[in-house]
Undergrad: 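Shown below is the structure under consideration.
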Amino acid sequence: GTNEYDLLVVGGGSGGLACAKEAAQFGKKVAVLDYVEPSPQGTKWGLGGTCVNVGCIPKKLMHQAALLGSALKDAQHYGWNITQPVNHTWSVMAQAVQNYVKSLNWGHRVQLQDKKVKYFNMKGSFSDTHTIRGLTKAGKETVVTAENIVIATGGRPKYPEHIAGALEYGITSDDLFWLKESPGKTYDKIKNDVSLECAGFLTGIGLDTTVMMRSIPLRGFDQQMASLVTEHMESYGTKFLKRCSPTKVEKLENNRLQVTWKNTDLGTEETDSFDTVMWAVGRAPDTETLNLKAVGVKTNSETGKIIVDASEATSIPHIYAVGDITEGRPELTPTAIAAGKLLARRLFGQSSELMDYENVPTTVFTPLEYGCVGLSEEAAVQCYGSDNIEVYHAYYKPLEFTVAERDATQCYIKMVCLREGEQRVLGLHFIGPNAGEVIQGFALGIKCGATYPQLMKTIGIHPTCAEEVTKLHITKRSGLDATVTGC
Amino acid sequence: DYDLIIIGGGSGGLACSKEAAALGKKVMVLDYVVPTPLGTSWGLGGTCVNVGCIPKKLMHQAALLGQALQDSRKYGWQYEEQVKHNWEVMVEAIQNYIGSLNWGYRVSLREKSVTYLNSYGEFIEPHKIKATNRKGQVTYHTAETFVLATGERPRYMGIPGDKEYCITSDDLFSLPYCPGKTLVVGASYVALECAGFLAGLGLDVTVMVRSILLRGFDQEMAEKIGAHMETHGVKFIRKFVPVQASMPGRLKVTAKSTEGPEVFEEEYNTVLIAIGRDACTRNIGLDTIGVKINEKNGKVPVNDEEQTNVPYVYAIGDILDGKLELTPVAIQAGKLLARRLYGGSSTKCDYINVPTTVFTPLEYGSCGMAEERAIEEYGKQNLEVYHSLFWPLEWTVPGRDNNTCYAKIICNKHDNNRVVGFHVLGPNAGEVTQGFAAAIKCGLTKELLDETIGIHPTCAE
């Protein structure tokens with residue numbers, strides 16, 4: 001028989017909603033299923049997916065709260081009389097953030113309504129290649145059929161289940177942003193940028209925060225930049241336990257948590273007690289409950305992510321996937337949105353434009369932010385050979401840091417270019433305030449095929465941090481001091 | 001005596017001198033600050049460092065921090081309600097930093113073996129100048145080539161009491177007392193930036209405008225800047241000009257309407273005149289050696305290699321006729337000039353699509369053409385203007401200004417939808433605009449813009 005819907009999207013996050021709304025623009029009959037399985041600690045949230053509820057949005061707002069803490073200190077140097085003590089109250093911040101997020105949940109529901117997209121608050125799983133079985137919280141079942149299905153269920157934080165007490169006593173980013181009370185003295189076991197960001201803002205609002213890392217921070221990112229980021233965090237007050245692995249988490253009589261870990265360098269075992277233990281050891285897709293096996297959608301055996309081709313198609317006709325759940329794609333909101341929109345246009349709008357995943361800019365919102373676009377230095381060396389690339393760099397000092405007497409040791413810019421020919425820019429890396437704002441325009445430039453001479457021809461805006469990019473002239477190869485001096 | 005003598009130790013002059021010295025030339029720089037009517041003076045470095053970009057941005061930052069203090073409470077920060085700003089603390093900190101820059105420049109010139117004279121230079125005959133220092137001692141120097149980089153100084157209104165009782169930006173940044181209730185006369189970016197940060201520091205500020213805001217800038221953006229300032233407490237008196245400043249007790253300003261007989265009178269603590277700047281070209285002996293200036297504005301016309309009508313005399317920076325008055329432009333022009341003169345280069349300064357930012361409370365960054373200008377150049381029907389009102393994420397929690405930030409790009413339909421104008425009104429406008437300027441230099445089109453993925457969550461996306 002005929003399918004109920006032209007398009008059914010499973011997952012109401014960045015990718016799913018963008019795809020659904022775009023398809024609806026073409027007059028198609030569209031439905032979205034969204035369901036949040038509560039975290040082990042019981043946290044759940046509304047429509048909008050990770051970004052809106054437990055990702056980008058609350059993260060950036062809490063990062064802003066921390067930045068404002070620094071601003072309070074700076075303000076005194078600039079003549080503002082602030083009587084001490086200055087305190088931060090978690091619940092005021094959390095409530096403000098949570099209220100804003102809830103307004104976004106509401107906004108998304110209204111938007112779907114406006115665009116006549118049917119919304120089901122149900123957990124979906126495949127019955128067959130055109131049929132999804134939706135289950136409400138109460139256990140009520142609804143069967144939905146569609147000509148095309150897009151899987152956009154994203155990922156959830158992983159737990160290190162082999163560590164005793166990890167699941168019982170630890171939280172993840174899913175819970176952090178919804179805590180009603182301060183996490184207090186926090187232990188962060190990390191693997192990636194999510195938790196460096198969390199550790200950063202927790203430190204910034206005055207909490208005693210320790211980050212434990214087994215090996216390198218920000219894997220996949222330029223490692224020189226990654227160390228500058230963590231170096232700054234260390235000078236900022238975050239404690240780092242490097243090359244350490246936790247072995248167990250136990251609850252103490254006073255309700256605090258005791259963490260035991262192995263220090264791989266010293267071969268010793270150490271313990272300390274914390275109010276909160278947060279795991280940020282990676283995210284994984286929830287493909288089990290989707291019942292992909294029933295329809296034969298192929299996934300990567302290691303990561304569990306769905307394998308898609310350049311058109312976002314899975315191994316099964318009429319079934320597609322976008323966003324964090326897809327293998328080999330950046331786990332970013334804007335790419336999910338773009339991919340979702342383009343997919344809808346290809347399915348229903350006679351477009352043939354494929355998503356371009358090259359040179360996607362991104363920013364890590366650590367206390368000193370790191371924005372980048374294009375290749376890391378390592379990747380460029382690997383791709384072209386160190387003799388064929390030129391790396392321009394500079395240590396600079398934001399003007400605003402001068403009067404504030406702030407340390408700018410890690411404020412650094414690096415541009416990786418091809419050495420020969422027109423000297424095309426392969427990658428740009430910036431550490432400093434407002435890194436995202438700085439990098440965005442340069443990402444555009446790289447999309448336009450920017451070359452080193454073109455950037456040098458661009459006049460700077462004075463005084464800004466971004467202008468330093470247009471003034472880069474010291475190469476790593478020269479060995480000269482890369483500190484920017486005066487106007 | 002010298003290969004090159006540069007008159008003026010500001011952004012352009014210093015950049016040119018250091019580049020020439022690096023190329024092995026014997027270089028002299030003369031820098032001299034004629035004190036303001038009130039007696040204010042400053043050290044080496046020019047307008048930008050002493051009475052321009054640097055102190056301006058730092059005071060703007062102080063005002064932004066005041067806003068941050070208010071926001072911080074919504075983000076959970078708690079401290080005593082009463083927060084006041086201490087002007088003297090801020091000025092001392094800023095002047096200390098400027099002092100370090102003055103020092104840094106002196107050291108830098110010494111290190112590069114550039115001779116520096118803190119003297120007033122003027123031409124007395126071809127290839128020869130007379131240098132007079134503060135004590136009146138005179139020396140003479142000759143050079144093969146000269147560069148004029150004397151910049152500008154604020155213009156006064158030419159009304160009774162202006163020089164006696166009013167101040168300008170030359171005085172503001174080192175004012176030893178808080179300006180208090182202030183009248184800012186003018187609608188230049190200097191006027192609006194100063195009015196903006198003074199209000200942000202908690203002062204009672206009024207801006208008196210003869211006609212339009214930010215002449216030469218995109219007027220839609222200019223009006224939005226003014227509207228934002230008004231919403232945030234800056235008073236505007238439009239279509240009035242002061243006719244007298246007097247001091248019967250307190251400082252009193254009398255102003256007349258430009259449209260009728262209406263008269264306005266009010267008392268202020270401080271009157272800041274910011275109606276424009278005049279080139280310092282009238283008293284340096286240019287007529288003696290035949291260098292032509294534009295009689296209307298005193299500026300120096302040059303060819304595309306910054307050469308005046310007298311072949312061995314060049315000019316860079318704010319004194320150039322028809323060029324942008326910006327530090328980075330002056331620096332770029334100065335460096336490239338030195339490279340062409342002594343380094344065998346033929347690269348000329350590219351004055352097209354120079355980005356700029358106005359650091360008003362709501363910052364305005366732009367690159368390329370104003371919408372009016374684009375319409376004039378290409379015709380309205382050949383343009384497409386894409387625009388957006390946006391709300392910075394950081395402003396949501398404090399619930400600030402939710403329909404204020406704005407961005408627009410102007411595309412030329414006949415050239416592949418090439419971006420000919422970029423305008424953004426919002427926080428960190430300078431940081432946002434810089435990369436877009438680079439992209440415009442690379443021939444940015446609407447399509448390329450659409451293909452670029454945004455960084456989330458930012459304003460720039």
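Computation of the quantities below employed the complete heavy-atom set of this structure, encompassing side-chain atoms and omitting hydrogens, waters and symmetry-equivalent molecules. We name chains A, B, ... by the order of the sequence lines, and we start the count at 1 in each one.
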Undergrad: Hey, are the side chains of B:Leu69 and A:Leu72 touching, using non-hydrogen atoms and a 4.5 Å cut-off?
TA: yes
Undergrad: For A:Gly436 versus B:Ile455, what's the shortest heavy-atom pair and its separation?
TA: O-CD1, 3.6 Å
Undergrad: Run B:Trp77 and A:Ile205 through side chain to side chain contact (heavy atoms under 4.5 Å, CB included) and show every step you take.
TA: CA-CA 8 Å; B:Trp77 291 97; A:Ile205 59 175; 4.3 Å; yes
Undergrad: So which part of A:Glu358 gets closer than 4.5 Å to some heavy atom of chain B, the side chain, the backbone, both or neither?
TA: neither
Undergrad: If you count heavy atoms of other groups shown closer than 6.0 angstrom to NZ of B:Lys323, is the number above 12?
TA: yes
Undergrad: Looking at every heavy atom in both A:Cys465 and B:Glu431, which two are closest together, and how far apart are they?
TA: N-OE2, 3.0 Å
Undergrad: Name the option with the most non-hydrogen atom pairs under 4.5 Å to chain B; the candidates are A:Val86, A:Val438, A:Leu399, A:Val403.
TA: A:Leu399
Undergrad: Can you tell me how far the OG1 atom of B:Thr452 sits from the CG atom of A:Leu444, to the nearest 0.5 Å?
TA: 4.0 Å
Undergrad: Heavy-atom cut-off 4.5 Å, strictly under: side chain, backbone, both or neither for A:Met62 against chain B?
TA: neither
Undergrad: So which heavy atom on B:Ala439 is nearest to which on A:Cys448, and how close?
TA: O-SG, 4.2 Å
Undergrad: At a 4.5 Å cut-off on heavy atoms, which part of A:Thr333 comes close to chain B: side chain, backbone, both, or neither?
TA: side chain
Undergrad: Give the member of B:Gly66, B:Ala437, B:Gly104 that has the highest number of heavy-atom pairs under 4.5 Å with chain A.
TA: B:Gly66
Undergrad: About how many Å separate CD of B:Glu394 and CD of A:Gln64, when rounded to the nearest 0.5 Å?
TA: 4.5 Å
Undergrad: Where does B:Lys441 contact chain A at under 4.5 Å (heavy atoms): side chain, backbone, both or neither?
TA: both
Undergrad: Would you please say whether a donor-acceptor pair under 3.5 Å links the side chains of A:Asn81 and B:Asn86?
TA: no
Undergrad: I'd like to know whether CD of B:Gln78 has more than 12 heavy-atom contacts from other residues, nucleotides or ligands below 6.0 angstrom.
TA: yes
Undergrad: Check each atom of B:Glu88 against the heavy atoms of chain A and say whether the ones under 4.5 Å are side chain, backbone, both or neither.
TA: neither
Undergrad: Counting heavy-atom pairs under 4.5 Å with chain B, which one of A:His77, A:Met93, A:His88 comes out on top?
TA: A:His88
Undergrad: How close do B:Ala438 and A:Leu455 get, heavy atom to heavy atom, and via which atoms?
TA: CB-CD2, 3.4 Å
Undergrad: Rounded to the nearest 0.5 Å, what's the gap from CD on A:Glu405 to CG on B:Asn96? Could you check?
TA: 9.5 Å
Undergrad: For B:Gln332, is it the side chain, the backbone, both, or neither that has a heavy atom closer than 4.5 Å to a heavy atom of chain A?
TA: side chain
Undergrad: Would you indicate whether the side-chain heavy atoms of B:His456 and A:Ile57 approach each other to under 4.5 Å?
TA: yes
Undergrad: With a 4.5 angstrom heavy-atom cut-off, is it the side chain or the backbone of A:Ala338 that approaches chain B, or both, or neither?
TA: side chain
Undergrad: Looking at A:Ser14, A:Gly445, A:Pro361, which has the largest count of heavy-atom pairs under 4.5 Å with chain B?
TA: A:Pro361
Undergrad: Could you measure the distance from the CG atom of B:Asp350 to the CD atom of A:Gln454? Nearest 0.5 Å is fine.
TA: 10.5 Å
Undergrad: Do A:Val92 and B:Lys74 have side-chain heavy atoms sitting under 4.5 Å apart?
TA: no
Undergrad: Can B:Glu80 and A:Ile82 be said to form a side chain to side chain contact (heavy atoms under 4.5 Å, CB included), step by step?
TA: CA-CA 7 Å; B:Glu80 220 186 86; A:Ile82 302 168; over 6 Å; no
Undergrad: What part of A:Pro85 is in contact with chain B, defined as an atom under 4.5 angstrom from a non-hydrogen atom: side chain, backbone, both or neither?
TA: backbone
Undergrad: Please check if the number of heavy atoms outside A:Lys397 that lie under 6.0 Å from its NZ is greater than 12.
TA: yes
Undergrad: Is B:Leu201 in contact with chain A via its backbone, its side chain, both, or neither, using a 4.5 Å heavy-atom distance?
TA: both
Undergrad: By a 4.5 Å heavy-atom criterion (distance strictly below it), what part of B:Phe359 contacts chain A: side chain, backbone, both, or neither?
TA: side chain
Undergrad: For B:Thr356, is it the side chain, the backbone, both or neither that has a heavy atom under 4.5 Å from a heavy atom of chain A?
TA: backbone
Undergrad: For the CZ atom on B:Arg106, are there more than 12 heavy atoms of other groups (residues, nucleotides or ligands in this structure) within a distance under 6.0 Å?
TA: no
Undergrad: If you tally heavy-atom pairs under 4.5 Å against chain A, which of B:Glu451, B:Lys84, B:His85 wins?
TA: B:His85
Undergrad: Go through the steps for A:Trp80 and B:Leu65 under the test side chain to side chain contact (heavy atoms under 4.5 Å, CB included), then give the verdict.
TA: CA-CA 8 Å; A:Trp80 292 98; B:Leu65 286 170; 4.2 Å; yes
Undergrad: State the CG-NZ distance between B:Leu393 and A:Lys59, to the nearest 0.5 angstrom.
TA: 10.5 Å
Undergrad: Go through B:Pro355, B:Ala93, B:Gly202 and name the one with the most non-hydrogen pairs under 4.5 angstrom from chain A.
TA: B:Pro355
Undergrad: Go through the steps to decide whether B:Thr396 and A:Leu61 satisfy the test side chain to side chain contact (heavy atoms under 4.5 Å, CB included), and finish with yes or no.
TA: CA-CA 9 Å; B:Thr396 58; A:Leu61 289 172; 3.9 Å; yes
Undergrad: For a side-chain contact (heavy atoms from CB on, under 4.5 Å) with B:Gln434, tell me which candidate from A:Gln440, A:Glu467, A:Glu437 qualifies.
TA: A:Glu467
Undergrad: Who wins among B:Ser108, B:Cys367, B:Ser72 for the most heavy-atom pairs under 4.5 Å with chain A?
TA: B:Ser72
Undergrad: Side-chain contact, heavy-atom cut-off 4.5 Å: A:Glu400 with B:Lys57?
TA: yes
Undergrad: Determine the option with the most heavy-atom pairs under 4.5 angstrom with chain A, choosing from B:Ile352, B:Asn428, B:Leu336.
TA: B:Asn428
Undergrad: Checking A:Thr335 against chain B: side chain, backbone, both or neither under 4.5 Å from a heavy atom?
TA: both
Undergrad: From B:Thr458 OG1 over to A:Ile439 CD1, what is the distance, rounded to the nearest 0.5 angstrom?
TA: 11.0 Å
Undergrad: What are the two closest heavy atoms between B:Ile453 and A:Pro334, and how far apart are they?
TA: CG2-CB, 3.3 Å
Undergrad: Quick check on B:Thr347 against chain A: is it the side chain, the backbone, both or neither that has a heavy atom closer than 4.5 Å?
TA: neither
